[in-house]
Amino acid sequence: MRETTQTLVQEKEHCYHCGDECSATPIYAEEKAFCCTGCKSVYELLYANNLCTYYNLDDTEKPGVTVKEEDVNVSHFAYLDEPAIQIQLLNFQSSTLHKVLFRIPGMHCSSCIWLLENLTKLDNGVLESRVNFPRKEVSIAYHPEKTKLSAVVTLLHKIGYAPTLNLDNLSGKKKTTNYSIPLKLGVAGFCFGNIMLFSFPEYFAFADEVKQQFGAFFGYISILISLPVLLYSARGFFESAGHSLRQRHINLDTPISLGLLCLFGVSLYDIFTASGPGFLDSFTGLVFFMLIGKYVQQTTYDALTFDRDYKAYFPISVTVLEKGQERTMAVKELAPTKRIRIRNQELVPADAILLRGNAFIDYAFVSGESVPVPKVAGEIIYAGGRQVGESIELEVIKDVSQSYLTQLWNNDVFQKNKSYFGVGTYADKVGSYFISITLLIALGALIYWVPRDTDMAIKAFTSVLVIACPCALSLSTPFTLSNTLRIFGQHKFYLKNGDVAETLAKADTVVFDKTGTLTESSETDITFHGEELSARDCSLVRSVLQHSTHPLSQSLYGFLQAPVLPVINYREISGQGTEGLVEGVPVQIGSAAFAGTAHMQSASTTLATRVYIRINGASVGYFSFHNHYRAGLKTLLTELQAQGKKLAVLSGDNASEKENLRAYFGETADLCFNQSPADKLAYIGRLKEKGQKVIMVGDGLNDAGALKMSDAGISVTNSVNGFSPGCDAILDAGSFTQMAKFLRFSRRSLNVILLSFGISFVYNIIGLSLAVTGQFSPVVSAILMPISSLSVIIFSVLGVRLVAWRMGLHQKTSNVTKS
Amino acid sequence: MTIIFLLIGISLTVALLFLGSFIWAVRSGQYEDDYTPSVRILFEDESPDKDFK
């Protein structure tokens, strides 16, 4: 190895492996500084195997990836050696060769490629490893007798390139690589070029002699060559058009297919009757250029969705158990071997093995079956299952797959009923008119030209059909909205899909939940009223609270200090309270009606937020909560009102906070108290009947019904909340006060879409008028069409970025998740 | 001028060969990754005894 870089490292104490600045006490090995033992051990591993070229390939940057988990052990991945799992994971299996493909999101530079392709030096059993950098994939071939799959995965973890092992990999369906677009494009280009050659005599006057002698022959050859284009390259357009016609609907491919068929039919007629050369050059060229447009669109869109699926993580957390201590951790940091606690109604974020507790797992989000299935310790619970009942302990066995969670979220079960929504997306509305008008104009042009000049009639007809492709309608909406989603994502505001952004922009009413949404549960002051609770009582209460996800339960759970005992017959009644049997003692915790005495119930109307405790049938007192409203709430509400939104608060609590809330919300806002979940749902239903578009902001688990009922349900998460797919958007509590800005931004994104519609209409009017008068040949319009589509895409992407930049949303919100 | 028929036959055959090789190239995955090979070619092969494919 070379030692030139050594001096450089010693001047600044930057980690030799990952390049991060070293903390106070760097660790030294071989006179090189390291920020952590993880980095050091990677270096030692590489040094021992003579692989230090890794550090010398790129002078400007240290290539290493900081190693998160230091003690990876082969036994953690032992499940990978199970034959059943191997069958699903391996691409190829024989007695001397196994091949496997991993996605490694961590690779980022040429050194990464070098190291990953030299795996064979670290493990003799690895025969070959090949990197596909754009896809962040490595394909590894190994000898099953010399090494094991688990050993390979452990090695990858050790050198800091942890592969994602998720359900996509394990679903057993190998993604058949789709070559169809490049192949179709290649075939269309080939045919287009060759037909042009045979059309030369038509293009140039001096070739008249050739034309007379060979015209018919060239025509027949052209027909032969154009057949693959008709049957293969253009099939996508015909299929899509046919599909939509069968559903009695006209889509964008309908006019295009009509134009293509018309061109081809006329060409056949011309050539067979020897009345002309036909338009086969235009026909193939058209398909070629439209496929180019499709290809560009596909690659751009893929890049955008890749960002969303693999780089962005929802700001949701899980409770992790470490050495008996509970701690919350962002879901993205969750790694195999971590122990997690899942409470009532919380979702299992990654595949895990049940360790303790009575699990009743409801796979409604995955399969649509909402019958909870009992599981016993040792069984595997798959990501997306939801626990019903007491809290359970699990050991994670796979990494969290963000793309899987996104996919769950977009499951049909949670799609809003569109009839409720009644607005429809812009594109749907304008699209159908646009296409009908185009067809009418094309028909008009045909009728006008036929008696005058049949050639011109065909030209004008097809040009109109082709140029009038409403690209902006089909392209600008997804491109603008996916960019909007990305910018929101950078600010910890995650939308389910683009439709939600449209809904947010159009909403006129914002309804807030109080506890945990307007107030900050972590800063609540808690005082106990009643007889002093004994240590044992504390412990009983805390044991029951442990299982609940309600914000009040969570803050009380954090407030009390006592050991936790096992609970049986745990039950949580939404809007009322929770109960359970601890060591044979019934404990009830909740509202006055649920756990208080009759006297307390009558007195409860004027008092602060209270949680009553009943132990062994006797009410022992209550905890009172003094609420802290989130900082910046006033500004947020003023801004929302300035935007003309109607505001309302739905609180499950009593009216004790009415005066405070009135001060925040002003005279016009609707404040409702003592609302059960059913009341909240009914309230939102009433608003919607009045024709209002409602945004509900609440806590994802306890307000799930209301969130689902509203036009756009935003679930506010902080460090204790889990992920519930019932909502349309997830907002990190840290970004709560920026909500008004987010709504304004989505409004402006819609303006960008409208503007790009405008641009496309201008294009279309110019293009159509030229096409109708027959000044375009179909092939010219086929070239112009993708160019206009591209300009619309560029406009919408840049437009959104510009708006974001002017609103100051271009910078990433720093990591504010509390842990 | 009948030679043109022969020439066209030959040119089409050659062109079809190219189309065939293009289809083969796409199917064998050569268009999947247009970045990594450009980096890989610059790596020095330090251990000629090891078997690189």
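The sequence lines fix the lettering, A, B, ..., with proteins before strands; numbering per chain opens at 1.
Between A:Arg130 and A:Leu116 the shortest side-chain heavy-atom distance does not fall below 4.5 Å. The shortest side-chain heavy-atom distance between A:Glu128 and A:Tyr142 does not fall under the 4.5 Å cut-off. Under the 4.5 Å side-chain criterion, counting only non-hydrogen atoms from C-beta, A:Leu97 is in contact with A:Leu127. Annotation: side chain of A:Val287 is not in contact with side chain of A:Phe192 (no heavy-atom distance under 4.5 Å).
With sequence neighbours excluded, no residue forms a side chain to side chain contact (heavy atoms under 4.5 Å, CB included) with B:Ile41.
Neither the backbone nor the side chain of B:Leu42 comes within less than 4.5 Å of any heavy atom in chain A. The parts of B:Val26 that come within reach of chain A are both its backbone and its side chain, each placing non-hydrogen atoms under 4.5 angstrom from that chain. Contacts of A:Asn194 with chain B are made by side-chain atoms alone, with heavy-atom separations under 4.5 Å and no backbone atom involved. When heavy atoms are compared at a cutoff of 4.5 Å, B:Arg27 approaches chain A by way of both its backbone and its side chain.
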Test side-chain contact (heavy atoms from CB on, under 4.5 Å) on A:Ser233 and A:Leu291 and set out the steps. CA-CA 8 Å; A:Ser233 297; A:Leu291 284 174; 4.1 Å; yes
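A donor-acceptor pair is defined here as one N or O able to donate and one able to accept, closer than 3.5 Å; such a pair exists between the side chain of A:Thr120 and the backbone of A:Val126. Under the 3.5 Å distance criterion, the side-chain polar atoms of A:Glu117 are matched with a main-chain donor or acceptor of A:Val131.
Within residues 215-232 of chain A, the residues approaching chain B closer than 4.5 Å by heavy atoms are, in numerical order, A:Phe217, A:Phe218, A:Ile221, A:Ile225.
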